[in-house]
Structures are given as structure tokens and as C-alpha cells.
Amino acid sequence: MLLEIGQLSTSCTDIGQFLRAVHGALGRIMYAANFYVALNELDGDPHEVRFVYYVDEMDESPDPDEVSLLASPDESPTAWVIMNRQQLVMTAAEHHSRQRDGDLIGQGTVAEHWMGCPLLDQDGQALGAIAIQTYDTGHTFSEEDQALFALIANHVSSALQGLQSMDRLERAVRERTLRLEHEVAERSRAEKLQRALYEIASLSASASDTGVLPGRLHEIISGLITARNFLLALYHPDTDEISIPYFVDEKHAEAPVKRFRYGLGMSSYVLRHKRAELLDATRYAALAGAGEIDEPLGSEDIASWMGAPMLLGEQAYGVIIVQSYDDSVLYTQADLDILAFMASHVAVALARMQSDRAIHRAKASLEEQNAALNSALTRLQEAQTELVRQEKLASLGRLVAGVAHEINTPLGICVTATSHLVQELKLVKEDLAAGQLDEEGLNGFFDTIDQSLRIMTTNTQRAAALVRSFKQVAVDQSSDNIRNFNLAKYVAEVLLSLQPKLKGKPIRIDVNCPNDIQMESFPGAVSQIVTNMVVNSLVHGFDEDQGGTIRITGRLEGEHVLFDYSDDGIGMDQETLGQLFDPFFTTKRGSGGSGLGAHILYNLVTGPLGGTIKVNSAPGMGLHYQLRFPRDQRKGKEKAEEKAQEKADVQA
């Protein structure tokens, strides 16, 4: 038998199977109808045992996986064997005697003869106990049986150590497997939640309105919990109402109401308390009976019900409700936590969608306003361009009128001188024909011719200079071409064309400009700038009959021209100076001022001439312009074209 026990210990992998074989072998050498083995829990309380093998004629076998708590050693023979690590043999008479003394309680039917041995490991620590008993007085255990049973117990102990180690390993593996399965389930659940949140976020970003959200949301939540009956309620704070945009139910094809006032039904109950609720049929009926639910809407024949508010801070967006009519589908707190978690993220999605719609509306409104403003700006720019063109033409027209008036005087003198010569020639011819022409008359005629020709030569030269100056200035003002010109000579020509405006005014113009400044620029812009400066000084800088001086200075600084213009007129305050270059701003509204002279001046300096302009003034201190612009605009134009080409190449 001992050899068989040794073989069993190596061939069996299950403790129960091993002990069943031991029981069978034991029964062949002694009476063993009633046999059991109790093993201590590993690393547990020594009073906690599992009856891993139990066969008894009188008592029911306990669950081998169930942990039983033994009484104290004085009260339980099994506990006594384990705690004292000694063999114990007891008859029914001894058992009853100890029961009368109150020392022994035990469990199960009292045996006629009971024998138990400790199962010890190699260190002498108790693994448990092995016991054999009989209820028949014809079968008792002799001393030989007791010695044999103790020997068998010792070998069983040795075998059990290995099996128990394997059992411990298997149990550890099972426990680890269960933990891993739990971890896998939790991870799978977390992944599903994460995926659900991602889908909700994606849905809120891609959906153009809330009509797409509910159906997809139902699908997402159904992937996490059973949601055959699903309802989405939205709260409208502006009207204090609740609407039902989405409703799926096993008993009803449509929602009982599509829109109702806040305060009715379970939706209002959840929103009012601002917390997720889990109800069964009893709790639901109790709330309805207590008046906590005002006019319940829909079917009340439910097995389980969950509702979670969609909250973002204190802002309530609505409620998500899931319910079951099936007793086999009962929701748990874990399900409620999932629903509440999803509801909070749906609230974020709804808030985002509302914000996106608000931004979209604001953007559309801004685009409409921008389109209107751009249209108005375009019309304004077109009108401004037309006014500037008209102002230039008007300036040219005034120049034409002034030059025409100025030319009229020398031409009139020439006409008068010519008429006088014709008359004198007629008289001389008559005297010559009558023989009355003497030396004195002829000399007088010659003096008249000489004087008249000198008058005609002076006035025709003056008229020719005016025409030449006007012609060049007029052509330049109507042309946008770059050409070479001498700055000093060109300024002199412009001032000559302005003589009609200066005539009769006590205004002196001093020009200090070197004769070696050759420009490659826009002469029309220079002409218009000088003209506008002089005209503005005459109109705004000097009062009627007020004398004064205008100073114009030009000099080179590297490849740039510094052009200064100043008058000693009345000047202007800082507020007026700040609006000087604004279009249509003038201090002489209704008195000949268009408000475009300084504006055109600024645009010509910063535009065609590619320069800068500064202006200083103060009341009583006159006005001072400081212009700086390139001498050679062709080089600047070529550099700008090169930069534009380089930029285009980089972009390409």
C-alpha cells in the first residue's frame, strides 16, 4: 500500500483523485467506510480548512472548495489533531463524556470509534488532518490499526506536500488567469469607452446638426450596455421645455409627446436633481406614488430604468434614458456609471456643436458684413479715384485758364504793336506817294519800327516761355511715364506755369536747388506735388493780401533726394495737422477747397515716387514739408520686379 501511495503521488495531479485512490487502498487493509481529509488554507487561519475528500455513511459531504471554520481544539477532535499535531483516538463513550463536560462540540454524527492523525510537512508544520471512523460496534480500530494508520498518514503527508505545491501552483494559475481575464475585460471595457468617446468627439466635429447625433449615439451606447429602449431628451432653457428628438422603444413606435414643459416626467426629475438615477420597478412606482415624478410619461411597466443628465458645469443640455422591460436585463451601478460618463461627454459634444453653429452663424454674418463693406469700399475707392482724377483735371484746367489769361496780355501787346506798325506804314506810303516824305519822317518811321519790334520780341518770347512751360507740365501731369529731367529746371518751369496764380499776390518764392540733380522719375508727380503745395499755401496758408515767403530746397543724399517745402503762413494746430492727408478734409469748405490736394500729394510721394513725407506746423509758424524719395526710379522698379520674380519662383 505504501508503494502504491508513492506511485499515486507521482501519477496523480489532483488531490481529490489521489485521496480517492488512498481511500480505496486503505479499505483493502482495514475498515474504512467513513474517511475524510481536512487541509488547512494556504497561508491562512489554521482554523480554516477545506474538506477536500469526505466519504461518510451518515453525514452529507461538504463542498471541497468551501472553506469551513473549525471550533477550538477543546471542542473539535479534528481541530485538536491539527493544532496539537498528534494522533487522537476516541470512542463514542469518550465523546459523550466530553460533551457532558461541555468540552467537545464537534460536528456531524457521533462515531462509535474515531481515529485521526495529523498531516505534517517536512518542517513538522500541520498541513491538516486525516480521519477514519466507524458507526458499527463490530468494527473498531486496534492498536495495530492505529499504528498502521499513523504510518499511512505520514506517507500521505509526504505525497500531499508535492500535490499541494502543484495544487497551489494551479490555484495561483487559476487566480492569475481570473485576474488576467478581469484585466482583459476591464481593458476591453476601457477600450470600448475610449472608442465610444472618440466616436462622440468625431461625431460632434463632423455632424452639421444635432439630428445626426442621437441615432449614432444610440449605436455607441448599445456597444457598451444593453440599450434596446433608448430616449434622448434635450432641454431648452429659453422656453423652459424639453423635446424628444430621438426615441426607440420595444412597446411604443413613437414617443408619447414630442415636446413638453419642464417639470413633467422622469426627464425633469433627473434634470432637477442633476444626478444619474438607477431605478427598478418598485422604486419607480414609489417615486411616482410619492409625487416625486409629476405625470409620468410613457410606459410604467419597466423592469429596470436608468437616466443620466447631460451636464457641463451648471449648464444642463438634456437627459439620456435607457430602460428594460425584461427581467433578465437588469442594470447595475456599473452600467449607470457608464451611462453617466457617456452623458457628460455628450454634453461636451453638444456644447461644441452649439459653439460651432454659433461661430458658423457669426462667421456667415461677418462674411456678409465684410462683403457689404468691401462693396462699399470698392464704390468709395472708385468714387475717390474719380474725384482725384477730376481734381487733377480741374487743376490742369485752372492751369490752362491761368496760362491762357497770362498769354493774352503779351499777345494783345503784340497785336497792338502790329496794328500800329501797319498804320504807320500806310502813312509813310501815302507821304512817299505825295512826295512829302522827308528825312525826319523816315527816321521817325524807323524809330517806330524799332520800338514796336522790340515790344513784339519781348512779349512773344514771354508768351513762348509760358507756352513751353505749360506744354511740358501739362503733358507730365497727364502722363505716368518715367523720364530723365533736371530737378532745378523742372521746378522752375512748374513755378513759371503757376505765375498766373501768383500774379498780384505779395508772395515771394525762393528756390535753392543745385543744377546737377538729374532725375529718372515721374515728372508729372513732381509737378503735381509742387503745384498742390503752392496752391495750398496760397489758399490756406496766407490770408487775403498777406505777404509771405515760400522756400523750396532740394539736395542729394546718396541716391535719394531731400526736398523741403515751407511757408511762413498762418500754420495749423495739431488736430488739423493730424487730418491733413485725410481725403476730403479741408478748412476751406465752400471757398474753393476740395480736400484732396494734400491727400493727392501724400499718395504721389508714397506711391509713384516711392518716398516718405513728414510735415510740421504750429499756429503762426507756417507749414513745413520734408520729402525724401529715390533719384532713380528705374533702379527701384527693377529691384521690385526682381524681388517679385524671386518670390514667385520660391512659391513655384
Backbone N or O of [Y] within a donor-acceptor pair of the [X] side chain at under 3.5 Å?
X: Asp335; Y: Thr332; value: yes
X: Thr134; Y: Thr140; value: no
X: Asn84; Y: Gln86; value: no
X: His113; Y: Met90; value: no
X: Ser61; Y: Tyr54; value: yes
X: Glu94; Y: Thr91; value: yes
X: His155; Y: Met1; value: no
X: Ser365; Y: Arg361; value: no

Compare all side-chain heavy atoms of Trp114 with those of Pro77 and state whether any distance is below 4.5 angstrom. yes
Answer with yes or no whether the side chains of [Y] and [X] bring together a donor and an acceptor at under 3.5 Å.
X: Asp249; Y: Tyr325; value: yes
X: Asp59; Y: Thr109; value: yes
X: Ser328; Y: Asp326; value: yes

Would you please test Ser157 and Asn154 for side chain to side chain donor-acceptor pair (under 3.5 Å) and show each step? CA-CA 5 Å; Ser157 297; Asn154 186 43; 5.3 Å; no
For the residue pair [X] and [Y], what are the closest heavy atoms and their distance?
X: Gln133; Y: Tyr31; result: O-CE2, 4.4 Å
X: Pro118; Y: Ala153; result: O-CB, 4.4 Å
X: Tyr331; Y: Thr226; result: OH-O, 2.7 Å
X: Cys117; Y: Val81; result: C-CG1, 3.4 Å
X: Val55; Y: Tyr53; result: CG2-OH, 3.4 Å
X: Glu250; Y: Asn229; result: N-OD1, 2.7 Å

Within 6.0 Å of [atom1] in [X], more than 12 heavy atoms from elsewhere:
X: Glu254; atom1: CD; value: no
X: Arg272; atom1: CZ; value: yes
X: Glu183; atom1: CD; value: yes
X: His273; atom1: NE2; value: yes

Mind checking the [atom1]-[atom2] spacing from [X] to [Y]? Nearest 0.5 Å is all I need.
X: Met310; Y: Ile320; atom1: CE; atom2: CD1; result: 5.0 Å
X: Leu234; Y: Arg259; atom1: CG; atom2: CZ; result: 9.0 Å
X: Ile302; Y: Lys251; atom1: CD1; atom2: NZ; result: 10.0 Å
X: Leu39; Y: Arg50; atom1: CG; atom2: CZ; result: 6.5 Å
X: Glu368; Y: Leu373; atom1: CD; atom2: CG; result: 12.0 Å
X: Tyr36; Y: Asp56; atom1: OH; atom2: CG; result: 9.0 Å

Going by an N to O cut-off under 4.0 Å, is there a salt bridge joining Glu277 and Arg283? no
Salt bridge or not between Glu4 and Arg28? Use side-chain N to carboxylate O under 4.0 Å. yes
Are the aromatic rings of Tyr317 and Tyr235 close, with centres under 6.0 Å apart?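 Ring centres of Tyr235 and Tyr317 not closer than 6.0 Å.
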Ser68 vs Glu48, test: side-chain contact (heavy atoms from CB on, under 4.5 Å). Steps then yes/no. CA-CA 6 Å; Ser68 301; Glu48 293 181 349; over 6 Å; no
After noting the C-alpha distance and the side-chain angles of Ser375 and Arg379, does the key distance pass the side chain to side chain donor-acceptor pair (under 3.5 Å) rule? CA-CA 6 Å; Ser375 177; Arg379 291 195 299 270; 2.6 Å; yes
